[in-house]
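Shown next, in structure tokens, is the structure this report addresses.
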2 protein chains.
Amino acid sequence: MRRLGDLLGVEAMSLYRHVPGREDLLDAVVAAIVDEMQEDPEVIESPRDGWQDFLQRLAHGVRRVALRHPKVFPLVASRPPEAPWLRPPLRDLRWVETFLEALQQEGFSDEAAVSAYRAFTSFLLGHLLLEVSALGADVGPLDVLEDGQDLDTSLAPYPEVGRLRAALSEDHSAVEFEEALEELLNRIALVRSETS
Amino acid sequence: MRRLGDLLGVEAMSLYRHVPGREDLLDAVVAAIVDEMQEDPEVIESPRDGWQDFLQRLAHGVRRVALRHPKVFPLVASRPPEAPWLRPPLRDLRWVETFLEALQQEGFSDEAAVSAYRAFTSFLLGHLLLEVSALGADVGPLDVLEDGQDLDTSLAPYPEVGRLRAALSEDHSAVEFEEALEELLNRIALVRSETS
DNA sequence: ACCTGAACACCGTTCAAGT
DNA sequence: ACCTGAACACCGTTCAAGT
């Protein structure tokens, strides 16, 4: 609060005229991010070419927002949701409604739509949180080391990690996201046809 | 620090004899949780009936630890990792080494093993973080409401959410975890056979 | 070797007082 | 209506001093 006050050229105490407290302010930040997803033209674009197309565009939209705000996304992902049916990062009644409608219009049963919503949010959370945290890490890999050690000797007990450390450090987040998303959509399609 | 001191019947300042600071203390907590995974007999059990059996047991072991420590697991999931090749929640050189060895012994190529490690961690992170945070939420669904409103009127603009809110609130985390894990193993098997 | 007291530089928040 | 000063109850951390 004090820092934000400074940033606005005002004393911290003035903020309490406009906002009940720190927690509500953080909630508002999260809400702003969620709104940003809602305004993405790539996601909202009216002609939906099937539910797969819709979920593809939604997933990519959420990913863009996450990458645009790497510092804030963990908040979107982990603030306690307002209700049990709001799962991060799709923690918004409008999104859940749109999501369910879109799938039901294409013949999903109630249970299939709900289970797709669950699988979809788990997927987004895992991939985007990991991607975003890797971004924020900007960790010189030297942080692991004790004072005298170098990387090779400290990795000596772990030959495979040492041998593959280049491969392990590569960033394949974009293609991984794509492939896992593809796979998720296939799984959802399967559940759809099972229960319909 | 002050609260922990109280808990130990000592002044906060005494803690600095034993620990460099707050951050290192949190790191130690995370390390303790990771060690707990290592000691789970269900996971370590020597006769491994193939890599699928190993990954199944590992996933369930991590899940057990996460559910045993719902308050601490978010820390395991989101503390900045020590190196780019340590992905939460499997953020431990010993685990990565074991993981890679196990898969290579069963004919995985280097790339297939690394990509399996990535997919596996994303999966665990998404599912367990969501499950654990739903646990900690214990949210009376009334928190969403303004003072005068009741649930039905506040959900009125979202008919599908309203209609399906019972289904949306049900907890299916256990079966979802199982099914998604199954699906993940199938995908990993596919990648394995493609690149070998 | 281990602990303590006093102190420093921070927080978020309340409230009476200013314009 | 909006902002401020002083104050309160907290933090983590340093350091000289105690046993």
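What you see is a predicted model; the values in this text were computed from it and never measured. A note on names: the letters A, B, ... follow the listed sequences, proteins ahead of strands, and every chain is numbered from 1.
The CG atom of A/Asp110 sits 7.0 Å away from atom CD of B/Glu160, with the distance rounded to the nearest 0.5 Å. Of the inter-residue distances, the one linking B/Gln104 atom CD with A/Arg163 atom CZ reads 5.5 Å to the nearest 0.5 angstrom. Distance check, rounded to the nearest 0.5 Å: CG of A/Leu151 to OG1 of A/Thr153 gives 8.0 Å.
Of the residues in residues 7-23 of chain B, B/Met13, B/Tyr16, B/Gly21, B/Arg22 come within less than 4.0 Å of DNA chain D through at least one heavy atom, sorted by number.
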Could you go through residues 20-28 of chain A and list every donor-acceptor pair under 3.5 Å that involves a side-chain atom there, pairing it with any protein atom two or more places apart or in another chain?
from, atom 1, to, atom 2, distance (Å)
A/Glu23, OE1, A/Arg79, NH2, 2.5
A/Asp27, OD1, A/Arg79, NH1, 2.7

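Across all non-hydrogen atoms, the minimal contact from B/Pro88 to B/Thr121 is O-CB, 3.7 Å.
Between the CE atom of B/Met1 and the C1' atom of C/dC11 there is a distance of 17 Å, given to the nearest Å. We find that CZ of B/Arg2 is positioned 11 Å from C1' of C/dA6, with the value rounded to whole Å.
No side-chain donor-acceptor contact under 3.5 Å links A/Glu178 and A/His172. Of the N and O atoms on the side chains of A/Arg87 and A/Ser122, at least one donor lies less than 3.5 Å from an acceptor on the other residue.
Base-pairing analysis of DNA chain D finds the following stems of at least three consecutive Watson-Crick or G-U pairs, with both pairing distances under 3.5 Å: C:4-8 with D:12-16, C:12-16 with D:4-8.
Checking the phosphate oxygens (OP1, OP2) of D/dC11, a side-chain nitrogen or oxygen of B/Arg3 falls inside 4.0 Å.
With hydrogens and angles disregarded, no donor-acceptor distance shorter than 3.5 Å links the side chain of B/Arg118 to the backbone of A/Ser173.
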